[in-house]
Structure formats: C-alpha cells, structure tokens
There are 2 protein chains.
Amino acid sequence: MKDVNTDALRGHMDALLLSVLESEPLHGYAIIEALQERSGGALNVPTGTVYPALRRLEQAGYLASEWATVGGRKRRTYRLTSAGRTALAGERSAWRRFASTIGSVLEPRPTK
Amino acid sequence: MKDVNTDALRGHMDALLLSVLESEPLHGYAIIEALQERSGGALNVPTGTVYPALRRLEQAGYLASEWATVGGRKRRTYRLTSAGRTALAGERSAWRRFASTIGSVLEPRPTK
DNA sequence: AGCCTACATGTAGGTGTTCTACATGTAGGC
DNA sequence: GCCTACATGTAGAACACCTACATGTAGGCT
C-alpha cells in the first residue's frame with residue numbers, strides 16, 4: 001500500500017490521535033503502530049510528529065497521561081478525557097463535512 | 001451550510017483548483033465562485049490563497065494564463081495544460097486514497 | 001457628488017502544524 | 001559486540017495557508 005502524503009494530514013492529525021485512543025489508552029509508540037494497522041499500512045507518522053502532537057492535545061485538555069514501566073521500559077500512556085471525547089465527536093463530523101465537500105468539487109455529479 | 005475549516009485544505013488546494021478548471025478555463029474570481037457553487041457554499045477560499053496558488057500552479061506547468069478585458073475589467077484567464085490534466089488525475093487518486101485512509105482510522109468497522 | 005456593492009487582481013507578513021534529523025536509552029537476539 | 005525493536009523526546013526548517021492591506025473599474029442608490 002502506497003503511503004499517503006503525510007503533509008496532507010495537516011489539520012487531521014488530532015482527529016486521528018483522538019480516534020485511536022477512543023477504545024483504550026495507549027502510549028505513543030503503540031499509537032503509531034495502531035495508526036499503521038488501522039490504515040492498512042498507509043499511515044507512517046514519524047515520532048517527531050506524534051509526540052509533540054500528544055503533548056499539545058494534553059495541554060488542550062483532550063488527553064491525560066501517566067508514566068508506567070513495562071519490561072524495564074518507560075511508557076507514557078495517554079487516555080481520552082471527557083473533553084477529548086467531545087472533541088473527537090466534533091472532529092468526526094468535521095471530517096465528514098470536509099470529505100464530502102472536497103468530494104463534491106473533485107468528482108462532481110453531472111447535473112444534466 | 002457551515003464552512004469547512006479552510007486550514008484543513010492544506011495540501012488539497014491544488015486538486016480543487018485543477019478540478020474546477022477541468023471543463024473550462026476560468027479567471028481567479030470565477031474560480032472562487034465555482035468553488036463555492038460546487039461545494040454548496042461550504043468553500044470560501046480567500047483571494048490571498050487563490051491568486052498565489054494559481055501562480056504556483058502555472059509555474060509548475062499545470063496551468064497557462066492569458067489576459068483579457070471584459071466590460072472594462074481585466075481578467076487573467078487560466079486553463080489546464082496537458083501536464084495539468086495528468087496532475088489532476090494524480091490528485092484525484094491521491095484524494096481517494098487519502099479519504100479512505102483517514103476514514104478507516106476515524107470510523108473503523110468493528111472486526112468481530 | 002458621494003457612497004456602497006460587486007467585480008477583479010495582487011502583495012506583505014504572520015501563523016502553525018508538520019517534517020527531518022538528531023539525541024538518548026533499554027531489552028533481547030545473533 | 002552489534003543490530004533491531006522498543007520507547008520518548010527536542011531543535012530547527014519548510015511551506016501552504018491565513019489575515020490584512022492595496023488598487024482599481026462598473027454600476028446602482030440617494
């Protein structure tokens with residue numbers, strides 16, 4: 001599967017991150033793997049994008065985190081706050097609107 | 001209809017511009033109107049975005065332009081080059097891939 | 001005359017999210 | 001001793017978009 005141009009993700013990253021955290025808390029590395037998995041391998045988001053973005057979302061109040069040590073390795077595990085759930089719902093509807101808008105321009109149905 | 005967040009357009013602008021020029025040449029102002037129309041009013045792209053973008057696309061070889069005077073007003077009319085048509089096809093398939101990727105993460109089908 | 005809206009193009013400067021590249025460290029297999 | 005996977009993080013650059021401004025014509029209303 002060809003990679004999507006990650007530059008095009010601008011503005012949709014938050015939605016993706018909130019979405020993979022919806023069903024269970026995950027740490028950064030696992031989030032990256034989850035994105036790859038869910039996208040069928042199309043989404044290879046670099047660590048330099050994910051970690052700062054997670055901090056941003058935590059500061060915004062959408063995520064909360066705590067440290068854990070598993071197998072001698074330290075992890076920071078993030079979970080959705082209730083504000084995060086609300087934000088996710090908003091991101092989802094914004095995405096649907098966005099996709100349908102772009103679609104309507106890119107592949108217009110012939111009117112006649 | 002609620003506006004889409006135009007900031008999220010980052011990376012998809014070229015596709016939109018090439019797409020509205022597919023069936024007929026248009027000048028900048030008309031392009032903005034065409035985008036509004038096709039999107040059902042959701043797409044209000046500011047002139048400060050469109051005009052520089054058109055120049056960028058012309059420099060890339062995807063568009064060609066010529067001046068015209070209509071009703072005392074000067075217009076720069078853009079048309080797709082053949083390279084532009086090829087680029088548009090690429091943008092379309094990139095968009096489909098992108099939308100399906102984001103969709104698969106944002107609204108995963110339950111596997112069980 | 002004066003004002004407003006629609007039409008029409010363009011530039012300057014700022015913003016912000018993303019990228020690339022680097023830095024650091026543990027665990028475990030070969 | 002080396003490599004890969006696991007794991008987090010920072011610094012700095014890139015760049016496409018935004019806001020705000022600048023300029024000018026045409027035409028309607030008062």
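In what follows, chains are A, B, ... by sequence order, proteins preceding strands, each numbered from 1.
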Discussion item. How would you summarise protein contacts on nucleotides 24-30 of chain C per nucleotide, using B for base, S for sugar-phosphate only and - for none, with heavy-atom distances below 4.0 Å?
Written reply: --BB---
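- Side-chain contact annotation: Ser65(A) with Glu58(A), donor-acceptor N/O pair under 3.5 Å present.
- Ranked by how close their nearest DNA chain D nucleotide is to the 5' end, Gly28(A) and Gly48(B) are led by Gly28(A).
- Comment: Arg96(B) engages Glu107(A) in a salt bridge, judged by a side-chain N to carboxylate O separation of less than 4.0 angstrom.
- Closest approach of Leu43(B) to Leu35(B), counting heavy atoms only: CB-O, 3.9 Å.
- Contact check of residues 51-68 of chain B against DNA chain C (heavy atom, cut-off under 4.0 Å) returns Tyr51(B), Pro52(B), Arg55(B), Trp67(B).
- Per the geometry, CD belonging to Glu33(B) stands 11 Å off P belonging to dA6(C), to the nearest Å.
- Judged by distance alone, the side chain of Thr81(A) and the main-chain N or O of Tyr62(A) form a donor-acceptor pair under 3.5 Å.
- When rounded to the nearest whole Å, the span between CG of Leu9(B) and C1' of dT18(C) equals 16 Å.
- The line from CD of Gln36(A) to CD1 of Ile31(A) is 13.0 Å long, rounded to the nearest 0.5 Å.
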Discussion item. If a pair means Watson-Crick or G-U wobble with both distances below 3.5 Å, what does DNA chain C look like in dot-bracket form, with | marking bases paired to a different strand?
Written reply: ||||||||||||||||||||||||||||||
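- Listed here is the closest heavy atom pair of Val105(A) and Arg38(B): O-NH1, 2.8 Å.
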Item to complete: Starting from the C-alpha separation in whole Å, work towards a yes-or-no answer on side-chain contact (heavy atoms from CB on, under 4.5 Å) for Leu63(B) and Leu18(B).
Response: CA-CA 8 Å; Leu63(B) 299 179; Leu18(B) 295 174; 4.0 Å; yes
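- The nearest heavy atom of DNA chain C to Thr47(A) and to His27(B) marks one nucleotide each, and the one closer to the 5' end goes with His27(B).
- Here the C1' atom of nucleotide dA6(C) and the CG atom of Asn44(B) are 16 Å apart, to the nearest Å.
- Salt bridge annotation for Glu22(A)-Arg92(A): present, with a cationic side-chain nitrogen under 4.0 angstrom from a carboxylate oxygen.
- Between His27(B) and Tyr51(B), the distance from one ring center to the other does not fall under 6.0 angstrom.
- For Ser39(A) (side chain) and Ala42(A) (main-chain N/O), a donor-acceptor pair under 3.5 Å exists by modelled atom type.
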